[in-house]
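Just below is one structure, and these are the notes that go with it.
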Number of protein chains: 2
Amino acid sequence: MEHQGKYQKIKTYYFGLLSTLTEDSWKIFESLLSIRTIKKGDYLLREGKICNHVSFVNHGLLKIYYEVDGKEKIIAFFKELTYCCDYASFLTRESAETAIKALEETEVVEINYEGLQHLYNLVPEANMIGRRIAENLFIEKCRNSSNNVTEGVESKYQKVVTETPWLIQRVPQYMIASYLGITPEALSRIKARNSKKTVVAAAQY
Amino acid sequence: MEHQGKYQKIKTYYFGLLSTLTEDSWKIFESLLSIRTIKKGDYLLREGKICNHVSFVNHGLLKIYYEVDGKEKIIAFFKELTYCCDYASFLTRESAETAIKALEETEVVEINYEGLQHLYNLVPEANMIGRRIAENLFIEKCRNSSNNVTEGVESKYQKVVTETPWLIQRVPQYMIASYLGITPEALSRIKARNSKKTVVAAAQY
DNA sequence: TTGTTTTATTGATTTGGGTTAAGGAAAAGC
DNA sequence: GCTTTTCCTTAACCCAAATCAATAAAACAA
């Protein structure tokens, strides 16, 4: 059966998140899902459009970013087994200030806005899932802004290196710089300074 | 009856938010609420404590801020008819990185963590309210970081002036500066520059 | 392989905001 | 009222990162 497990990953994810979810609720949910593939370099969402889907990344990698006077400011990366969405646009039904673009060949499982409202109506427990998702997104966003306010650029970079080493492997450095809110040149200098420090430290022995 | 309308404001707010809320659900909700007053300069939440209440501001004004090497970085202000909470700490049950302090004599209506979980269990529709609240907080947070990324300090200040003029009236300028992420001196210079511009522009005529 | 494009580094220069310091204005307290 | 504290402004100097510019190194394609 070819379709066996088409939605396996998101199903596992959900049952993990919420142990009380029933097989029946899942069937309804499943009926509202669809699959989309995005080629490297293509858009999942263009700036100015209303984000009409919540997408669960089966595999691949995407970036969400603002474009401000010609330069892109990356807010976040979405890798496999995470949600990918401009949730603010999705919820408010206002046009997105962001764009979402695939950095690798990507496959997502999607539910659209009407589908999700439908789900909330048919399956009241889904409100609890929706609540949890919104809460987690909020917590994540708080952690991010907290970092931006309380930490210097240097330690932010260190955090990326130690906490999300896969990022360093999978995206070019100038995108990391954009994500950190600095220019590629500035990041290059930070790295140079650090490796000098290491050399000096090593020379102590 | 002295207690008539003790929770009137929050009740109105809720019924406005969610027209389907029943009088019975409200009674349960009401039974979980309590009132607290905070004197000017006192804390609603201290850094390092777990935020154990969601507070609805009946009247007054508070600030939520980080303290980073001696200086405070204000994230937001809470005025009457808004929620006041370190919701990230409240949800995760982790100690808060922020503190919340009253800038004016303040009265809040509160529900504590256990109370809210209780409410979610007793009144399933409350999950929908909780979802809406989390969603709105998330949207708000997105707008904020969007501004921080896409806009310069100058236009951020202009936005405060035009969109939240009450803020300018009610808090000293150095707090506005902190909120904008700059020093009081820098804000003072921005204002000076702007009024010079205005004078120059006026001189054209 | 070689040529082409993309990405990273390094240097010189500029700049916006931080820091320090001092004086003035406004509010609060007595 | 006067005094004290709190708040705002202005100026001089400093610094981290942006910008501009050139080169080097990788990645990719033909």
D:dT6 phosphate, OP1 or OP2, under 4.0 Å from B:Gln173 side-chain N/O:
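No, B:Gln173 has no side-chain N/O under 4.0 Å of OP1/OP2 on D:dT6.
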Under 4.0 Å between a side-chain N/O of A:Lys191 and OP1 or OP2 of C:dA8, yes or no?
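Result: no.
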Below 6.0 angstrom between ring centroids: does that apply to B:Tyr13 and B:Tyr83?
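So the answer is yes for these two rings.
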Are the ring centres of B:Phe78 and B:Phe56 closer than 6.0 Å?
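No, the ring centres sit 6.0 Å or more apart.
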Report the nucleotide, chosen from [options], that has the shortest atom-to-atom distance to any side-chain atom of [X].
X	options	result
A:Lys71	D:dC7, C:dT9, D:dT19	D:dT19
B:Arg193	C:dT10, C:dG17, C:dA8	C:dG17
A:Ala186	D:dA18, C:dT9, D:dC8	D:dA18
A:Thr183	C:dG18, D:dA18, C:dT9	D:dA18

Quick check: does any side chain N or O of [X] sit under 3.5 Å from a backbone N or O of [Y], one acting as donor and the other as acceptor?
X	Y	answer
B:Thr12	B:Ile10	no
A:Arg93	A:Cys51	yes
B:Ser31	B:Phe29	no
A:Ser89	A:Ser95	no

Is A:Arg170 close enough and on-axis enough to A:Phe77, meaning under 6.0 Å and within 45°, for cation-pi?
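No, a cation-pi geometry is absent between A:Arg170 and A:Phe77.
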Kindly indicate whether a cation-pi arrangement holds for B:Lys63 with B:Tyr65, taking the cut-offs as under 6.0 Å to the six-membered ring centre and within 45° of the axis.
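Flagged: B:Lys63 positioned over aromatic ring of B:Tyr65.
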NZ (B:Lys73) with more than 12 external heavy atoms under 6.0 Å
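No, the 6.0 Å shell around NZ holds no more than 12 heavy atoms from other groups.
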Assign a letter to each nucleotide of nucleotides 25-30 of chain C from its 5' end: B, base within under 4.0 Å of a protein heavy atom; S, sugar-phosphate only; -, no contact.
------
Expressed in angstrom and rounded to an integer, what is the separation of [X] atom [atom1] from [N] atom [atom2]?
X	N	atom1	atom2	value
A:Ile182	D:dA17	CD1	C1'	9 Å
A:Ile176	C:dT6	CD1	P	20 Å
B:Leu187	D:dT10	CG	P	12 Å
B:Asp69	C:dG18	CG	C1'	13 Å
B:Ile190	D:dT10	CD1	P	13 Å
B:Leu103	D:dC7	CG	C1'	15 Å
B:Asn194	D:dT9	CG	P	12 Å
A:Tyr174	C:dT9	OH	P	14 Å

By nearest heavy atom, map B:Arg189 and A:Glu185 onto DNA chain C; which one lands nearer the 5' end?
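Going by which nucleotide is closer to the 5' end, it is A:Glu185.
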Side chains of B:Lys156 and B:Asn147: is there a donor and an acceptor less than 3.5 Å apart?
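Checked: B:Lys156/B:Asn147 side chains show no N/O donor-acceptor pair below 3.5 Å.
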Any stems for DNA chain C, made of 3 or more Watson-Crick or G-U pairs in a row, each with both distances under 3.5 Å?
C:1-22 with D:9-30, C:25-30 with D:1-6
Mind checking if A:Gly152 touches a base, just sugar-phosphate, or nothing, with heavy atoms under 4.0 Å?
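Nothing, no heavy atom under 4.0 Å.
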